[in-house]
**Student:** 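Here it is, the structure in full.
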Amino acid sequence: MSRAVSGLSPAALRPLPRRFYARPVLRVARDLLGRLLVHQTPKGRMVGRIVEVEAYRGRDDPASHAYRLTPRSKIMASPPGTAYVYFSYGNHFCLNVVAEREGTAAAVLLRAVEPLQGLALMARHRGVDLRDPAALRRLAAGPGRLTRAMNITGADNGRDLTRPPLYIARGRPGRRLVGRSPRVGVRRAADRPWRFYLRDSGYLSRAGTSPMRALPSRRSRDVPRTWSRV
DNA sequence: ACTACGATCTACT
DNA sequence: GTAGATCGTAGTG
């Protein structure tokens, strides 16, 4: 009954090595798009394609939890590839991957994935009915929904994301149309466009609710410069 | 000890 | 489009 899912070859499911994360966090954030978030649980394996992320830096980033090092944010200074999971708004968990080298305190927030495998399990975690056509789009669209769907909690804080049962795999990131915008829900440093997303994805946290508007773009090295209004 | 405020989501108008 | 839920974290007294 384990139907082969397209794009989930053994090669694609190989974990990203730690050195992948040991680079500037903006670079890591962009490069995480198209990769696979994998969670293997007793109930089954869930896989989602990362389509939306945000970069948070350390003492130079007022929007980051690590702007001031506290007991909570201390874990952001862990070795690259470590999970930073925190509880938000009294309701939801958010999953980050620590980036850059140990001691730097930078991380990437995973904001949305496109569900590829374990859809029924995710739907059960979310308490939604997949027969509703709109349910799939929103299944893991948003940091809280993502963790809920893939059953990621505070117990996963500090975990090593370079190996099972919870890890990020290479995927097959081909040509990617990447958009960027200011980070969602942050008031400080709102001018920094450190949110990155796959422009043609239908699984974004902000795609359905507030339409994205492509503004006249400057030329950029490898990233089309597209802002969305928030 | 007490208070203010979120890196959010859902339901309802 | 807007309000309410809901609670850990962090800053202040």
Side-chain angles (χ1 to χ4, degrees), chain A residues 21 25-26 28-30 32-33 37 48 50-78 82-100 104-113 115 122-130 132-158 161 179-197 203-213 227-230:
Chain A
Y21 304 99
V25 67
L26 291 177
V28 174
R30 267 185 320 211
L32 277 172
L33 294 175
L37 178 61
I50 298 171
V51 297
E52 180 182 342
V53 299
E54 283 175 359
Y56 288 87
R57 251 159 36 178
R59 62 182 191 282
D60 64 334
D61 181 6
S64 173
H65 286 172
Y67 183 55
R68 294 187 179 89
L69 260 238
T70 65
R72 177 179 68 167
S73 63
K74 198 174 174 179
I75 193 156
M76 286 178 67
S78 299
T82 303
Y84 167 41
V85 183
Y86 69 91
F87 197 56
S88 176
Y89 289 92
N91 284 312
H92 307 285
F93 291 104
C94 294
L95 171 64
N96 299 254
V97 201
V98 173
E100 306 197 359
T104 307
V108 178
L109 170 67
L110 305 189
R111 287 193 54 89
V113 302
M122 293 188 202
R124 229 166 84 204
H125 290 143
R126 286 285 323 284
V128 299
D129 188 347
L130 277 186
D132 174 4
L136 183 58
R137 291 185 331 180
R138 320 191 73 204
L139 193 53
R145 293 180 185 144
L146 184 157
T147 54
R148 189 81 172 180
M150 297 195 64
N151 201 25
I152 294 161
T153 70
D156 298 304
N157 192 31
L161 291 178
R180 54 190 302 184
S181 80
R183 293 168 290 186
V184 175
V186 310
R187 305 172 70 95
R188 300 149 172 261
D191 55 317
R192 302 184 188 181
W194 289 357
R195 168 176 176 251
F196 301 90
Y197 54 92
Y203 299 85
L204 304 176
S205 69
R206 290 279 165 138
T209 50
S210 64
M212 310 229 179
R213 286 242 305 223
W227 262 257
S228 73
R229 272 192 316 142
V230 183

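Quick caveat, the model's predicted, so the values are computed rather than measured. To find a chain, count down the sequence lines: A is the first, B the second, and so on, and within it residues start at 1.
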**Student:** If you assign R72(A) and V128(A) each to the DNA chain B nucleotide with the nearest heavy atom, which residue ends up on the more 5' nucleotide?
**Tutor:** R72(A)
**Student:** Do any side-chain nitrogens or oxygens of H65(A) fall under 4.0 Å of OP1 or OP2 in dA7(B)?
**Tutor:** yes
**Student:** Mapping G142(A) and G90(A) onto DNA chain B by nearest heavy atom, which one lands closer to the 5' end?
**Tutor:** G90(A)
**Student:** Is the terminal nitrogen or CZ of R111(A) (NZ for Lys, CZ for Arg) located under 6.0 angstrom from the six-membered ring centre of Y197(A) and within 45° of that ring's axis?
**Tutor:** no
**Student:** Return the nearest nucleotide to the side chain of P71(A); candidates are dT6(C), dA10(C), dA7(B).
**Tutor:** dA10(C)
**Student:** Separation of N91(A) atom CG from dG8(C) atom C1', in whole Å?
**Tutor:** 12 Å
**Student:** Tell me: OH of Y56(A) to C1' of dA7(B), nearest whole Å?
**Tutor:** 4 Å
**Student:** dA10(C) P sits how many Å from F87(A) CZ, rounded?
**Tutor:** 15 Å
**Student:** Provide, to the nearest angstrom, the distance between the CG atom belonging to L69(A) and the P atom belonging to dG11(C).
**Tutor:** 11 Å
**Student:** So, Y89(A) and dG6(B): ring centres less than 5.5 Å apart, planes less than 30° off, yes or no?
**Tutor:** yes
**Student:** Going by purine N1 to pyrimidine N3 plus the second Watson-Crick contact, or the G-U wobble pair, all under 3.5 Å, which nucleotide sits opposite dT6(C)?
**Tutor:** none
**Student:** How many Å lie between CZ on R187(A) and P on dC5(B), as a whole number?
**Tutor:** 10 Å
**Student:** Look at R148(A) and dT8(B) and indicate whether a side-chain polar atom (N or O) is within less than 4.0 Å of OP1 or OP2.
**Tutor:** no
**Student:** Which base sits across from dG1(C) as a Watson-Crick or G-U pair, both distances under 3.5 Å?
**Tutor:** dC12(B)
**Student:** Among L109(A), V108(A), L37(A), exactly one meets side chain to side chain contact (heavy atoms under 4.5 Å, CB included) together with L95(A). Which residue is that?
**Tutor:** L37(A)
**Student:** What is the distance from CZ of R126(A) to C1' of dA11(B), rounded to the nearest Å?
**Tutor:** 14 Å
**Student:** Is Y86(A) stacked on the base of dG8(C), with ring centres under 5.5 Å apart and planes under 30° apart?
**Tutor:** no
**Student:** Do the ring planes of Y86(A) and H65(A) sit parallel (below 30°), tilted (30 to 60°) or perpendicular (above 60°)?
**Tutor:** perpendicular
**Student:** Does a side-chain N or O from R111(A) land closer than 4.0 Å to OP1 or OP2 of dT8(B), or not?
**Tutor:** yes
**Student:** What is the distance, to the nearest angstrom, from the CZ atom on F93(A) to the P atom on dC7(C)?
**Tutor:** 11 Å
**Student:** When the distance from OH of Y84(A) to C1' of dA7(B) is rounded to whole Å, what number comes out?
**Tutor:** 9 Å
**Student:** Looking only at side chains, do S64(A) and R57(A) share a donor and an acceptor under 3.5 Å apart?
**Tutor:** no
**Student:** Pick out which of T147(A), T153(A), I75(A), D156(A) makes a side chain to side chain contact (heavy atoms under 4.5 Å, CB included) with V85(A).
**Tutor:** D156(A)
